[in-house]
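Structure, as structure tokens:
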Amino acid sequence: MGVVGSGIMGMGIAEMGARGGWSVTVVDTAPAALERARASIEKSVTRAVSSGKLEADVAEVMSRLTFTHDLASLTPCSIVIEAIRENLEDKVALFKELDAVLSPTTVIATNTSSIPVAKLGAATAHPGRVLGLHFFNPVPLMPLVEVVPSLLTEDWATEMADGFTREVLGKKVIRAKDRAGFVVNAILVPYLLSAIRSLDNGVASLEDIDEGMVGGCGMPMGPLRLCDLIGLDTMLLVAESLYSEHLDPSFVPPALLRRHVDAGYLGRKSGRGFYDYST
Ligand SMILES: NC(=O)c1ccc[n+]([C@@H]2O[C@H](COP(=O)([O-])OP(=O)(O)OC[C@H]3O[C@@H](n4cnc5c(N)ncnc54)[C@H](O)[C@@H]3O)[C@@H](O)[C@H]2O)c1
């Protein structure tokens with residue numbers, strides 16, 4: 001199995017592959033991201049073992065993972081999952097490169113939150129093996145994956161990816177059509193953006209908006225804290241992409257979200273988002 005992009009999502013997907021017993025090659029262009037991913041996966045596997053959620057030898061799980069910047073090392077993989085940043089041009093360029101180094105029988109999956117899968121498939125010479133596998137954050141804890149065949153995806157590729165996701169990665173699967181946002185984000189993103197809009201409009205404090213949705217609606221986490229967990233840069237890219245597909249005002253990114261991204265307040269991963277995580 002291969003994973004391209006070792007950020008928040010890629011590291012979790014790679015961890016689940018190694019926990020499922022497969023050899024996993026993780027590719028990232030940033031050496032610091034690869035180092036961070038290795039350390040985070042080791043911490044996460046150790047925690048799963050010590051809490052009794054996973055019966056495994058940590059060193060053995062870690063020995064299944066290879067971290068590299070070399071895309072060509074993915075050639076032997078049966079499935080490669082792309083988890084680089086949510087930008088159409090970057091993903092199209094990567095899919096062209098992947099197409100060149102992988103055999104036509106290697107399934108290529110994208111973890112995109114909002115980019116049409118068909119656009120990525122169409123960038124390759126073998127679009128029948130390209131589909132969406134949309135994971136949720138944090139990957140080791142969230143049970144669901146959306147399986148998204150495009151109009152171009154062939155059935156064998158969907159069946160392979162569906163079986164792999166259930167049996168190796170241990171996830172529950174739902175099928176979704178290739179519409180930006182699929183099932184979950186098409187419903188979730190307008191909710192999160194309206195929480196940011198409420199904050200921007202001064203309806204209530206940060207804490208009270210979050211407390212309102214936790215205490216009043218039974219949400220496991222407040223929407224603004226969830227935005228910080230997702231990453232505010234990712235939130236902005238996802239909202240822009242959903243808006244450009246649906247032209248629905250509920251997907252318009254609020255100015256407050258843009259200003260946070262402009263300021264480098266990207267959420268938990270940068271130490272500051274709507275909340276401060278520096279202490
Ligand atoms: N963050 C979430 O909650 C979440 C949830 C579901 C899906 N997603 C999707 O997953 C994807 C990744 O999101 P993330 O939050 O993990 O991003 P991230 O910013 O944490 O990580 C992206 C990684 O990709 C690397 N990268 C960028 N271009 C590359 C390239 N050409 N080749 C190799 N590596 C490259 C970067 O160095 C970085 O380490 C996005 O498409 C996002 O929409 C994110």
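Only a predicted model underlies this, so the values are computations on that prediction, with no experimental measurement involved. Both ligands and their constituent atoms are indexed starting at 1 by order of listing.
Across every non-hydrogen atom of P253 and E240, the tightest pair is CG-CG, 3.9 Å. Here the shortest heavy-atom pairing between V261 and L232 reads CG2-O, 3.5 Å.
The 12-atom threshold is exceeded at CG of L144, counting heavy atoms of other residues, nucleotides or ligands nearer than 6.0 Å. Around the NZ atom of K269, the shell of radius 6.0 Å holds more than 12 heavy atoms that belong to other residues, nucleotides or ligands. For N201, the CG atom is densely surrounded, since the number of other residues' heavy atoms within 6.0 Å is greater than 12.
Summary of contacts: the protein heavy atom closest to atom 37 (O) of ligand 1 is D28 OD1, 2.7 Å. Of the protein's heavy atoms, G7 CA, 3.3 Å lies nearest to atom 21 (O) of ligand 1. Annotation: atom 13 (O) of ligand 1 to nearest protein heavy atom, M9 CG, 4.0 Å. Protein heavy atom closest to atom 34 (N) of ligand 1, with residue, atom name and distance, is T29 N, 3.5 Å. Protein heavy atom in closest approach to atom 1 (N) of ligand 1: I230 O, 3.0 Å. Looking from atom 41 (O) of ligand 1 to the surrounding protein, the closest heavy atom is E86 OE1, 2.5 Å. Nearest to atom 19 (O) of ligand 1 among the protein's heavy atoms is K269 NZ, 3.6 Å. Protein heavy atom nearest atom 28 (N) of ligand 1, with residue, atom name and distance: I84 CB, 3.8 Å.
At least one heavy atom of A83 lies less than 4.0 angstrom from ligand 1.
Ligand 1 places these atoms under 4.0 Å from at least one heavy atom of A33: 39 (O). Close approach of ligand 1 to K91 (heavy-atom distance below 4.0 Å) involves ligand atoms 40 (C), 41 (O). Heavy-atom proximity to V4, at under 4.0 Å, picks out these atoms of ligand 1: 32 (N), 33 (C). Under a 4.0 Å criterion applied to the non-hydrogen atoms of A30, ligand 1 contributes the atoms 37 (O). Close contacts between ligand 1 and T112 involve ligand atoms 41 (O) [criterion: under 4.0 Å to a heavy atom]. Numbered from 1 in the order shown, with element, the atoms of ligand 1 that lie under 4.0 Å from a heavy atom of H134 read 6 (C), 7 (C).
Between the side chains of Y277 and D228, at least one donor-acceptor pair of N or O atoms lies under 3.5 Å. In this model, a donor atom of one side chain and an acceptor atom of the other lie less than 3.5 Å apart for S114 and E86. Side chains of S150 and T153: a donor on one and an acceptor on the other come within 3.5 Å. Donor-acceptor pairing under 3.5 Å is recorded for the side chains of S278 and D276.
Side chains of K91 and T112 form a contact here, defined as non-hydrogen atoms less than 4.5 Å apart.
Contacts between D90 and ligand 1, counted as non-hydrogen atom pairs separated by less than 4.0 Å, are absent for every part of the residue. Contacts between F135 and ligand 1 below 4.0 angstrom, taking non-hydrogen atoms only, involve the backbone exclusively. Contacts of S113 with ligand 1, taken as heavy-atom pairs under 4.0 Å, involve both backbone and side chain.
Taking a distance limit of 4.0 Å, we find that atom 16 (O) of ligand 1 is approached by some protein heavy atom.
Considering backbone and side-chain N/O of D233, none are found under 3.5 Å from N/O of ligand 1. Residue-to-ligand polar distances place I8 within reach of ligand 1: an N/O pair is separated by less than 3.5 Å.
Here F251 contributes atom CZ and L242 contributes atom CG; the two are 5.0 Å apart, rounded to the nearest 0.5 Å.
The aromatic rings of F274 and H260 lie tilted to each other, with the angle between the two planes from 30° to 60°.
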Hey, mind stepping through N111 and L133 against side-chain contact (heavy atoms from CB on, under 4.5 Å) and telling me if it holds? CA-CA 5 Å; N111 185 44; L133 281 182; 5.9 Å; no

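Comparing heavy-atom distances from atom 10 (O) of ligand 1 across L237, V26, I115, N111 singles out N111 as nearest.
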